[in-house]
Structures are given as structure tokens and as C-alpha cells.
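Have a look at the structure below, then the notes.
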Amino acid sequence: MSFPPPSLPLGNVSTGSGRMEVLSLSSTSLSAQAVHASTLSRSAAEAAGRKLHVPTLVDEVRARLRSYGEPVMLFGETKAAVRERLRLVMGRIANDGGDVGGAEDKDMSGRGARPGGKDGEGDGRLRREKKVYTVAGQGLVDARRKIVNYARGRARARLEGEVERRKKTRRRLDTGPGEERREDEFYYLDGGDVVGGDKDEERSARSEYEWASQVGLEASEVAGDRPVTGLACLGGRDGAVVTGGWDGNVKLWERDAEAGLKVKPSRTLGEEEERVTCVRAMNGLVLACGTGVAGSVYRCRAGDGDDFAPAERVELRGHKMRLGRAAFHPQGEYALTTSHDRTMRMWSLSTGQEVLLQDGHFSAAHGLAVHKEGSLVCSTDFGGVSLIWDLRTGKKIQHFQGHSGRVLACDFAPDGFSLATGGDDGSVKIWDLRTKSMRSTAPAHRRLISTLEYSASGESILTASYDGTMRVLSARDSSKIRVLEGHDGRVCAGAWGEREIWSVGGDGTLKLWRGN
């Protein structure tokens, strides 16, 4: 009996008759071979695509697909799927030895992957990654100088105060057997770290928790015919709040002196072209943004009789897709916005000109919070990532990832050491900026968390959710203090007032919550 040479595949050879006979494969076998070859080719293309730089902006993705002769979008395909298809196409071209046009010759670890090229052609040396810097405009240089000067003194005072508090705490903890401990001081350790202060601090926290546990609905007013999604307390006006909704109106609400705690609409500050989904207020300024590509800043000037004169409006235009959230910089001259074009931008409040464009997200950017000192900014995205940026240098200094879904809300603690985030999974996560790790997590809601905000003392966190409730949580361990129910449907935003809580929802109402 003779056998075929070793180089001949045995999948279609019959040797039962004692002689070599090559048989043709069945259609099922041929189909299986084709599927297997296609799978191997796709896997190789995906592996190559992960090493390439793929554009993120929609226009750039479409332009690259056109250059390859590929359709810009298939039926039922999302924008994220279009970008992944582009990555696959570029991977296949790279595997075939073609030029992908803009691909980087480095792998994901940052090491050079291909020898040769401009810097080491033919000598086998690995190409070194080159950092490219762009010249900052004078407006950005001036803004960074102002932010550095603003943050420097506040950071020093905060850190020196924390050092003194810890020194004092350690001295009292190390009191010897023969020494007396002052009765007005109280200290405790949590996981080996000092987290308490004197008894006045502990008493203040306990008082806030007791007040929050008794909060109930005090007043409710119809704020619009459509869902009201933006809310902010206007500083400097007792009981004044600003709302924005799907009708595009930005409204100012004030306390009705004759009706006690009830609120009344004072006037409409402005009317946006699209739905308003976010409203912020600071020092008589109101910042509104929504589903459009531009935000608006309204300057509320006090007129005769302490009434508001017509508001001056400055438009912030530059994003290529709808906006996510907006925030004022505490320095007072700048505002920041996030957008679904995957960028965060900083604007001059006086001119409305763009000062900084910061990209780095791989999915739609949404949540936004500014550190109380103004040095750091947190932006979150639909990919479940929270990025921490240093405005003084423009660099990303940290990222946090732990939510199973979009991260829609974030806020820095007043002490500057913690960051709280919430999103699609209904959980609240508190991150320690010093250890760069998650400190605690709590399943707060059954549906997504729309907004999240620390109280002024930093002891409590207020969350609003699409499950129709708001919750007051302890910032120390994320434990539940109070559940507020009253909206007919989703709660779109919640905000702390002066010993009170405000909320707006999909039922078109503005509600005031107070405790004893």
C-alpha cells in the first residue's frame, strides 16, 4: 500500500483501494473551508486594526472610507459601527502591505513595532515615538496663567489646612495615659486613615444627616408643557432658580412672598433653538446648553426695584455635534462644554470665543465637572470612562473606568480629594484622587442617574434618576439617607439650595423639598 507524499493534504485522499485517489470536496466542506479562511482573515485584520490610528470625528471617518472606495454607512449601522468597519478595512489593507494613510507604526504599548522607515531604514532599529506639540494661541496662554494664579493660593490653603488637621488629629490620638483628652474633640480611623475631625465637624455632619432624613415635598409648580431637564440655583438671589426644558425656554423662578414657600416664574431669560438639557448659574450668569451645537450665556443684570433687566446673551458656537453638559470655571472668566463630537472645549465668557479644544474620548463626551480650585476638570463619556484633565498643562492625568455603561454625571467633592460618578448602571462610585482608586460604590437607583451633586459641606450626595426618585447618600460610605418620591416619571435634575432641595422632571414640574 502506498501513501501520498507528506506535502499532500489528506483531507480529500482515499487510500482504501491500495492506490492513491484524490476526491473532490463536498459543497459543505468547501463552505466550511471558506468560512474558516474568512474568520482567520478577519481576525488578522482586527489585530492589525488595533495597532492603527483610526479617526474619531464623523466627517473624517466618512472621508477615509470614501478614499478606500467603501460605503460611508450601511443600512442600520450606527456611527460607532461605522468607525469599527473603518478599522477593519484599514487592518486588511495593512495586512496586504498597502498604505492606510495616517496609520501609526506603533503598537498599543507605545513601543515601535516596525523597523526601518525614515529614522532607521534597513538597520533593524525600532522607530521611536515622536511627540508633536502645537503652538498655543495667546488666548490660551493668558487663560492658563489666570487659572494657575487662581488655583495656586487655594490649593496651598487647602493642603495646609489638611496637614494641620491631620497633625492635630495624630497628636490627640497619641495622648498618653496620664494626659487628658479634650472633650470637644473627637477622632476616629477608617481603614487606617484619619477621616474625622473635632466634635464640631462630627456634629455638623450628624445635623445634616438628620435634616436630610426628614426632607419632604414642600411645593410644586408646572414649569412647562414639555419635560424640564435643566436646573440650577442662582447665587445671590434668595430662593431664585433657573430651569430649562424641551420647549427651549430658559426661565427664572423666584419666591412668591405672598404665597410663602411657593415659587413663581419671574420671566423667560431666553429661548434656545433646540431642547435645553443643562443649565448652570454663577454670579448672576446663566449657562444653558442642549441638543444643539451651541451653548448660550445669559448675563442677568439687576435693574430698578431689584428686578432683573433684560439679559445679555453670548453664544458659544464651535462644536460639530450636540452638547452634553456645561460648567462655569470658578475663576469667573471661562465656561466649559462637552459634546458628542468627543471633545471638551473652554470658552471666554466675555467674547464667546473658543479658548481650548481638548480631545481624547473615544465615544460621545457627556458629563462635566470642574474642581473647586479650577485646576482640574473631569469629563465622562458613553464608553464608561471618566477622564481627569489638568487645565494648567492640557494633559490627561488620570482616567477611571468601572461603570457598566455610559457615565452621565460627575462632581468633585468640596475638599478636593474625591470624585463621584453615576450613569446607566444606576450606581454611584466615589473615586479617591490621591490613591487613584475606587473608594466605594453603591447601587443607588434602578435606572440611569441623570445628575449627581455634592452638598456644600461635602458630607452628602444628591442623585436624580429616571426611576422617578432622588436619593440623598452619605459621602463617607455611600449609604442611603433619604429617598425622595413625588415626580410622575423620570427625575431629570436635582440641585442643592440653602437647606432645601430643588428638582425638575419629565412631568414638566419644578418641585421644592424642605426639612424641619
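We count residues from 1, following the sequence as given. Since the model is a prediction, treat every value here as computed from it, not as a measurement.
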Do the side chain of Arg313 and the main chain of Ser296 share a donor and acceptor less than 3.5 angstrom apart? no
Taking Arg83's backbone N and O only, do any of them form a donor-acceptor pair with Arg87's side chain (distance below 3.5 Å, no angle check)? no
Please name all residues satisfying salt bridge (Lys or Arg N to Asp or Glu O under 4.0 Å) with Arg345, sequence neighbours left out, ordered by chain then number. Asp341, Glu354
Scan side-chain atoms only and decide if Arg490 and Ser450 contain a donor-acceptor pair under the 3.5 Å cut-off. no
If you measure only the distance, is there a donor-acceptor pair under 3.5 Å linking the side chains of Thr421 and Ser386? no
I want to check something: taking the side chain as every heavy atom from C-beta on, are Trp502 and Leu512 in contact at a cut-off of under 4.5 Å? yes
Is the shortest heavy-atom distance from the side chain of Tyr454 to the side chain of Ser418 under 4.5 Å? yes
For the pair Ser339 (side chain) and Arg322 (backbone), establish whether a donor and an acceptor sit closer than 3.5 Å, ignoring hydrogens and angles. yes
Donor-acceptor check, side chain of Thr451 to backbone of Gly494, threshold 3.5 angstrom: yes or no? yes
Row check, Tyr68 ring normal vs Arg66 NZ/CZ: under 6.0 Å, within 45°: no
Would you check if the side chain of Lys251 reaches a backbone N or O of Ala223 as a donor-acceptor pair within less than 3.5 Å? yes
So does Glu453 get a backbone contact from the side chain of Asp411, meaning a donor-acceptor N/O pair under 3.5 Å? no
Measure the shortest side-chain to side-chain distance between Leu252 and Val241 over non-hydrogen atoms and say whether it is less than 4.5 angstrom. no
Can you find a heavy atom in the side chain of Trp347 that is under 4.5 Å from one in the side chain of Leu336? no
Under 3.5 Å, is there a donor on one side chain and an acceptor on the other for His319 and Thr337? yes
Side chain of His371, backbone of Glu373: donor and acceptor closer than 3.5 Å? yes
Could you check whether any side-chain heavy atom of Tyr334 comes within less than 4.5 Å of a side-chain heavy atom of Lys146, counting everything from C-beta outward? yes
Excluding sequence neighbours, so at least two apart, what forms salt bridge (Lys or Arg N to Asp or Glu O under 4.0 Å) with Arg152? none
Test item: Thr469 and Thr463 side chains (from C-beta on) under 4.5 Å apart, heavy atoms: no
CD1 of Ile449 to CZ of Arg406, rounded to nearest 0.5 Å, is 12.5 Å
Are Lys511 and Ser503 linked by a side-chain donor-acceptor pair shorter than 3.5 Å? no
Check whether any side-chain N or O of His329 sits under 3.5 Å from a backbone N or O of Gly374 as a donor-acceptor pair, and report yes or no. yes
For a side chain to side chain contact (heavy atoms under 4.5 Å, CB included) with Gln401, tell me which candidate from Leu387, Val385, Val407 qualifies. Val385
Cation-pi, Phe382 ring and Arg342 (6.0 angstrom, 45 degrees): no
Whether Glu77 side chain and Leu74 backbone form a donor-acceptor pair below 3.5 Å: yes
Tell me whether Arg447 is salt-bridged to Asp425, with the criterion being a basic N under 4.0 Å from an acidic carboxylate O. no
